[in-house]
Amino acid sequence: MKPKLVSITVFQQSSASSVSISRNASSKANAKEADQVSDQFQSTSISDVTASSEANAKEADQVSDQFQSTSISDVTASSVGDREPNPHTDSSATIQLIVPGSKHFRWWLRVSLYIFFLLAGQSAAVLLGRLYFDKGGNSKWMATFVQSAGFPVVIPFLFFFTPPPPNSTATSSHKPPPISTLALLYLCFGLLLAGDNLMYSYGLLYLPVSTYSLLCATQLGFNAVFSFFLNSQKFTALILNSLFLLTISASLLAIHAGSDNTTNVSKLKYTIGFLCTLGASVTYSLYLSLIQLYFQRVIKNETFSAILNMQIYPSFVATCVCIVGLFASGEWRTLNGEMKVYQKGKVSYVMTLVWIAVTWQIASIGMLGLVFEVSSLFSNVIGTLGLPAVPILAVVFFGDKMDGVKVISLLLALWGFLSYVYQHYLDDSKCKATITRVDVNSGARIELC
Ligand SMILES: Nc1nc2[nH]cnc2c(=O)[nH]1
């Protein structure tokens, strides 16, 4: 018998201090369950409980029975989206009954897959980006354009993963946001993405690798601050240890790279590169935290299609911005000449750009998936884990020198990563039978074990 996860989402709509549970599902069973739930949370102000189908109503009964007897055995799993609730960061008002074992395998599998996408995609994209600049590429707008322009490869997946429209008998208290709100949000995310990508490209072009990597390492710190304020991220000793080790790992690599710095840029370009990379670190961290907030507050119950939408629409906006930038800056006139003098030939020039675009999309799916399933901070942790992986891969693909510092940096990053993952493992074990209520407004949590 496999234990399962059961969640009942409770949307807090009033600040009344008395317990008042009403519902928009039609079954009596749901009403009964609501009463039972209210008994469990006498001190709370819950105004609306939703169970949108007969199956959910049945499951809600089973849950309430579990509440009564506290002997948790075999409960039908519900889906509040396909997403695993995250006790560290989730701030929707959710009553969760987490029963051991089921998470768990599928959740870990999805997270592992997203980690692989992010690490593989980011490493390949950064290496190919370096190839582009090394072999004669020089256009900042083109380098920025390919970071978002690959989004059409994701579109076919939308048809596979878009959930069917809700049937007429089902009711849900979560109305999808108006199209105009979504369009405005996607526009803002797209502009943020374009700004980040452009600053990222300027940094890569104007700064020595050492300074660049050092500044990139700061994004974990910025992300920690944004996550604390925007996502109610909880910081445990293991998470702090992870952030510390990963920052040290990236910094070690950066200081070490200073020894083989050959870049010769003017003071003005250095200053521009410095400010742009710092700006990109702040922007990227803010972007990730805002995406997490968006998944929690706006999208709530959706599944993989939410990730795909978040990938496609902002990338479309960012790509449009880059096309305007390419023409407005006049850089488009240099592209033909750039292709002709590209050291590896025209086909290689085009293929390099195409694969940079594709690999950034793979990385972005991994990045968004991790924000969706875990948190923006964890997504950034994996991105930072990828930093020392790049020099090691460069040893294989570019014939760079291998040395001890690179290995130590990678080991520290792995240690930091394992520290974070261990925290999740502990949470997983601790929540063997935990009912958690997280209040939207106060962030307060009530746990009944
Ligand atoms: N600033 C910044 N932009 C990115 N775009 C994709 N990955 C990154 C990253 O790690 N930092």
Side-chain angles (χ1 to χ4, degrees), residues 114-115 117-130 132 140-141 143-151 154 189-207 209 211-227 243 246-247 249-251 253-254 272-292 307 310-311 314-315 317-319 321-322 356-371 376-391 413 416-417:
Y114 290 136
I115 290 176
F117 281 177
L118 180 50
L119 287 178
Q122 180 181 270
S123 305
V126 171
L127 286 172
L128 286 169
R130 178 175 148 183
Y132 168 74
K140 287 156 304 266
W141 278 108
T144 309
F145 172 78
V146 288
Q147 287 180 52
S148 57
F151 72 88
V154 179
F189 279 122
L191 293 176
L192 216 54
L193 185 65
D196 169 56
N197 288 347
L198 183 63
M199 289 190 280
Y200 202 57
S201 303
Y202 266 97
L204 203 59
L205 192 62
Y206 287 155
L207 280 188
V209 176
T211 320
Y212 176 75
S213 308
L214 199 57
L215 289 172
C216 278
T218 61
Q219 71 189 29
L220 215 46
F222 289 126
N223 206 156
V225 175
F226 287 128
S227 289
L243 300 183
L246 281 156
T247 308
S249 154
S251 309
L253 203 68
I272 292 173
F274 191 96
L275 292 177
C276 280
T277 312
L278 205 60
S281 289
V282 177
T283 311
Y284 188 64
S285 308
L286 179 65
Y287 180 67
L288 292 184
S289 286
L290 287 175
I291 287 177
Q292 185 179 343
I307 297 176
M310 195 57 192
Q311 173 70 8
S315 294
V317 173
T319 304
V321 171
C322 290
I356 293 176
V358 172
T359 47
W360 270 127
Q361 291 306 303
I362 295 171
S364 299
I365 291 285
M367 178 270 278
L368 290 171
L370 290 176
V371 174
S376 59
L377 192 61
F378 185 71
S379 186
N380 215 336
V381 160
I382 301 303
T384 310
L385 173 68
L387 288 179
V390 171
F417 163 69

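Ligands are counted one by one from 1 in listed order, and the atoms in each one are counted from 1 as well.
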query = Rounded to the nearest 0.5 Å, what separation is found between the SG atom of C276 and the NZ atom of K140?
reply =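 Rounded to the nearest 0.5 Å, the SG-NZ separation comes out at 10.0 Å.
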
inquiry  = Can you tell me how far apart CD1 (I362) and CE (M367) are? Round to the nearest 0.5 Å.
reply    = 14.0 Å

key: Pairs meeting criterion side chain to side chain donor-acceptor pair (under 3.5 Å) with involvement of residues 190-201, two or more places apart   = T144-S201, Q147-S201

State, with a plain yes or no, whether a side-chain heavy atom of [X] is found less than 4.5 Å away from one of [Y].
X: C216; Y: Y284; answer: no
X: T384; Y: N380; answer: yes
X: I115; Y: F417; answer: yes

task = List, ordered by chain and residue number, the protein residues whose closest non-hydrogen atom lies under 4.0 Å from any atom of ligand 1.
result =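 Its neighbours under 4.0 Å (heavy atoms only) are D196, Y200, Q219, A280, Y284, W360, given by chain and number.
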
